[in-house]
Amino acid sequence: MIQHDIAARLETLFSQRGFAEPSVAELKAASDVSLRTLYRHFPSKESMVIGALQHRHERYMAFLEEGVPEDGAAALSHLYQRLGHWMAFEAPNGCMSVNALAAFPDNPQVREAVDRHKHEILEWLGQRSRREDLATELFLIHEGASSAWLVLGEKAIEAALSTTLTLLGAPHR
């Protein structure tokens, strides 16, 4: 439970301040444990990043599943409503996974954590849409919306939803 709590606190810090900025003292303060306890659970900054990414992944997937309809197009409409909320309130500096790759481009463990997260989103999109044949296209729309959020805000979400409904041949609102 302590490791989970530390990962949650580190996730918040990295989401707000990025990966390059926080010093060891800030990491310790944010984790709200002694330096010894922090390093017992996460022996390096990279392991702290991976722990935070895993915690974020679990939260995001649970967030998407909350109240998701069974119908394919309705499930994706739900996704974009949830994504807009997530970006506004949970990801003020963009996708934490993409930011982690930018901060640690040569770290295979960080890349593996990000790859696992992104592949699970791709699978979720294919399954929930009931269009596994379009999972890659749906994934690209999702990723584009989350990247464009920093510039376009809610318009990125609206455009992603419209594009998705067009791709699925579903009626628009």
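Side chains included, hydrogens not; waters and symmetry mates left out as well; all remaining heavy atoms used.
Atom CG of residue Leu83 and atom CD of residue Glu143 lie 9.0 Å apart, to the nearest 0.5 angstrom. Atom CE of Met1 sits about 5.0 Å away from atom CG of Asp5, to the nearest 0.5 Å. The distance from atom CD1 of Ile2 to atom CG of Asp32, rounded to the nearest 0.5 Å, is 11.0 Å. The line from OG of Ser23 to CZ of Arg17 is 7.5 Å long, rounded to the nearest 0.5 Å. Rounded to the nearest 0.5 Å, atoms CZ (Arg128) and CD (Glu65) are 4.0 Å apart. The OH atom of Tyr39 sits 9.5 Å away from atom NZ of Lys45, with the distance rounded to the nearest 0.5 Å.
Smallest separation of non-hydrogen atoms from Leu165 and Pro171: CD1-O, 3.9 Å. The two residues Ala100 and Val49 come nearest to each other via the heavy atoms CB-CG1, 4.3 Å. Nearest heavy atoms, Gly84 versus Glu154: CA-OE1, 4.4 Å. Minimum heavy-atom separation, Leu125 to Leu76: CD2-CD2, 3.7 Å. For the residue pair Asn99 and Asn93, the shortest heavy atom distance occurs at ND2-O, 3.1 Å. Considering every non-hydrogen atom in both Phe139 and Ile121, the closest pair reads CD1-CG2, 4.1 Å.
Taking the six-membered ring for Trp and thresholds of 30 and 60 degrees, Tyr60 and Trp86 have ring planes more than 60 degrees apart, a perpendicular arrangement. Aromatic ring pairs are classed by plane angle as parallel below 30°, tilted from 30° to 60° and perpendicular above 60°; the pair Phe89 and His85 is tilted.
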### Message
Show, in sequence, the C-alpha distance, side-chain angles and deciding distance for Asn107 and Leu101, and conclude whether the side chain to side chain contact (heavy atoms under 4.5 Å, CB included) test is met.
### Response
CA-CA 8 Å; Asn107 186 294; Leu101 276 181; over 6 Å; no
#### Entry: Test salt bridge (Lys or Arg N to Asp or Glu O under 4.0 Å) applied to Glu137 and Arg131, step by step
CA-CA 10 Å; Glu137 290 84 348; Arg131 291 296 309 267; over 6 Å; no
### Task
Could you please spell out the steps behind the side chain to side chain contact (heavy atoms under 4.5 Å, CB included) verdict for Val33 and Lys28?
CA-CA 6 Å; Val33 295; Lys28 178 200 166 296; 6.0 Å; no
### Task
Go through His172 and Thr166 one step at a time and tell me if the side-chain hydrogen bond (donor to acceptor under 3.5 Å, both in side chains) criterion holds.
CA-CA 8 Å; His172 295 235; Thr166 299; 2.9 Å; yes
### Task
Determine, step by step, whether Glu123 and Glu132 satisfy the side chain to side chain contact (heavy atoms under 4.5 Å, CB included) criterion, reporting the C-alpha distance in whole Å, the side-chain angles of both residues, the deciding distance to 0.1 Å, and the verdict.
CA-CA 8 Å; Glu123 289 173 15; Glu132 294 191 27; over 6 Å; no
### Task
Could you go through the side chain to side chain contact (heavy atoms under 4.5 Å, CB included) check for Leu10 and Phe42 one step at a time?
CA-CA 11 Å; Leu10 291 171; Phe42 299 102; 4.3 Å; yes
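Using a 4.5 Å cut-off on side-chain heavy atoms (C-beta onward), Cys95 and Ser147 make no contact. A heavy-atom distance below 4.5 Å is found between the side chains of Met48 and Leu38.
When the options Gln54, Gln16, Arg56, His57 are evaluated for a side-chain hydrogen bond (donor to acceptor under 3.5 Å, both in side chains) with Glu11, the one that passes is Arg56.
Of the possible polar contacts, none joining the Arg82 side chain to the Val68 backbone as a donor-acceptor pair under 3.5 Å is found. The backbone N or O of Ala7 sits nowhere less than 3.5 Å from a side-chain atom of His41 that would complete a donor-acceptor pair. Judged purely by atom type and a 3.5 angstrom limit, Ser162 has no side-chain atom pairing as donor or acceptor with the backbone of Glu158. Formation of a donor-acceptor pair under 3.5 Å by the His119 side chain with backbone atoms of Asp115 is found in this model.
Under the 4.5 Å side-chain heavy-atom criterion for ILVMFWY residues, no single connected hydrophobic cluster contains both Ile141 and Leu150. Leu64 and Val114 are not part of a single hydrophobic cluster, where members link through side-chain heavy atoms under 4.5 Å apart. Trp124 and Leu140 are members of different hydrophobic clusters when ILVMFWY side chains are connected at heavy-atom separations under 4.5 Å. Following chains of ILVMFWY side-chain contacts shorter than 4.5 Å, one can reach Tyr80 starting from Phe63, so the two form part of one hydrophobic cluster. Follow the hydrophobic side-chain contacts under 4.5 Å out from Phe19 and you reach Leu27 in the same cluster.
By the 6.0 Å contact criterion, CG on Leu152 is enclosed, its count of non-hydrogen atoms from other residues, nucleotides or ligands being greater than 12.
Glu90 and Arg59 are joined by a salt bridge, as a carboxylate oxygen and a charged side-chain nitrogen come within less than 4.0 angstrom of each other. Between Glu120 and Arg116 there is no salt bridge, since none of the side-chain N atoms of the basic residue sits less than 4.0 Å from a carboxylate O of the acidic one.
By the 6.0 Å and 45° rule, Arg111 does not stack over the aromatic ring of Phe104.
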